[in-house]
There are 2 protein chains.
Amino acid sequence: MKAIVVDAGEVGEVSKGAAPRRGLKRGLSVVDFLLRIVAALCTLGSALAMGTANETLPFATRFVKFRAEYKNIPTFVFFVTSNSIVCVYLVLSLALSFFHILRITAVKSRVLLAFLDTVMFGLLTTGASAAAAIVYIAHYGNANVNWFPFCQQYNSFCQRISGSVIGSFIAVVLFMILLLLSAISISKH
Amino acid sequence: MKAIVVDAGEVGEVSKGAAPRRGLKRGLSVVDFLLRIVAALCTLGSALAMGTANETLPFATRFVKFRAEYKNIPTFVFFVTSNSIVCVYLVLSLALSFFHILRITAVKSRVLLAFLDTVMFGLLTTGASAAAAIVYIAHYGNANVNWFPFCQQYNSFCQRISGSVIGSFIAVVLFMILLLLSAISISKH
């Protein structure tokens, strides 16, 4: 199973042991597939947790009802949107990932997938960290600019959105691993 | 200059035209090097613009001086930190990038660089988008949670920090291009 490379005029790298390399690449592809499923679940959970988070305080004036929803803060709307988009992308990318398990020699489609992953990684990180910045102010406020920490009232709402942001950051870390696996996999073709 | 691959038992990909491929890889490496310099300047500019931004209003009470600085908001401190770290990383990575121009067949170091790029891309995006979320509130406020838009007073401070965030996002886009170039370059070894 060894490839003999006869190279005229140029020193090429002699490929050693094609069989274990094939096994490694298939293994990487399977891990890639599984990580995508986990990351999709993380983003789905985050989007749902944020999207359904709401809390109404048990008191009201005649004109004002004290109610917190994600729609009140544009950054959270962006968070739900970006997580949803990335979740849909991850589900769709499963097809290409499965194709890579079957056709381990495919390279161009791997480069394409790595690029799309990079873009989606950027989108997800943007949404997650923007929401994290808002959640931080919601918890601690900012006395210098008189931003009040609304978590003092809306306790369960804040717990929900904090958990949601954490789920999204887990997906961010998974994306980093996915990109590393892609780079290794592409380098072994 | 053509490589003749004699493959026993396994269908390998016959490499066609090594010379143009070498040229392409060297070209990619040079573009990589130049993009890193531009991205380093962007992050340096952003860190400096944010770090030196301050505005003191032309009136004061006996106890309070109205002064805006980036240190008042923890997210902006993180923004300056992350931009500085990424700037230093980019300058250091120039060495490896230059090595790739000379040694275009190196693969493992390219995979390493791609992974480090991914991590730094994540760090930079986190800092930039967290700051963007705060700048958004600074401009428009949020009536639902009574967060006041302090840009109505601190006009020049806000222009400065907005520009700073934009510079950082330009570096984010450059990182995406860098990662795409890396993937293409690794695939052509």
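Throughout, protein chains are lettered first and strands after them, A, B, ... in sequence-line order, and every chain is numbered starting at 1.
When all heavy atoms of A/A183 and B/I186 are compared, the pair lying nearest together is O-CG2, 4.0 Å. Closest approach of A/G122 to B/F121, counting heavy atoms only: CA-CZ, 3.9 Å. When all heavy atoms of B/A133 and A/A130 are compared, the pair lying nearest together is CB-O, 3.6 Å.
Between B/L180 and A/T118 there is no side-chain heavy-atom pair separated by less than 4.5 Å. At least one side-chain heavy atom of B/F150 sits under 4.5 Å from a side-chain heavy atom of A/V145. Annotation: side chain of B/N144 is not in contact with side chain of A/I73 (no heavy-atom distance under 4.5 Å). By the 4.5 Å heavy-atom criterion applied to side chains, B/W147 and A/I134 are counted as neighbours. Counting heavy atoms from C-beta outward, A/L179 and B/F115 have side chains that stay 4.5 Å or more apart.
Placement of B/V31 and B/F33 in two distinct hydrophobic clusters is found when ILVMFWY residues are connected by side-chain heavy-atom separations under 4.5 Å, directly or transitively. Tracing side-chain contacts under 4.5 Å through hydrophobic residues (I, L, V, M, F, W, Y), one reaches A/L178 starting from A/V38; they form part of the same cluster. Hydrophobic clustering, with ILVMFWY side chains joined whenever heavy atoms are under 4.5 angstrom apart, keeps A/M120 apart from A/L92. A/I85 and A/V165 end up in the same hydrophobic cluster when Ile, Leu, Val, Met, Phe, Trp and Tyr side chains are linked at under 4.5 Å. Hydrophobic clustering of Ile, Leu, Val, Met, Phe, Trp and Tyr side chains at less than 4.5 Å, counting indirect connections, unites B/V135 with A/F76.
For the set A/A114, A/A132, A/P74, A/A128, the count of heavy-atom pairs under 4.5 angstrom toward chain B peaks at A/P74. In terms of heavy-atom pairs under 4.5 angstrom with chain A, the leader among B/V172, B/V111, B/I184 is B/V111. Contact count against chain B (heavy-atom pairs under 4.5 Å) is highest for A/F148 among A/F175, A/F148, A/Y154.
Contacts of B/L124 with chain A are absent, with no heavy-atom separation under 4.5 Å from either backbone or side chain. Heavy atoms closer than 4.5 Å to chain A are found in the side chain of B/T75, but not in its backbone.
The backbone N or O of B/N72 sits less than 3.5 Å from a side-chain atom of A/N142, completing a donor-acceptor pair.
Within 6.0 Å of atom CZ in B/R67, more than 12 heavy atoms from other residues, nucleotides or ligands are found, so the atom counts as buried in its surroundings. The number of heavy atoms from other shown groups lying within 6.0 Å of CZ (A/F99) is above 12.
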* Check step by step if side chain to side chain donor-acceptor pair (under 3.5 Å) holds for B/T125 and A/T126. => CA-CA 6 Å; B/T125 311; A/T126 309; 5.6 Å; no
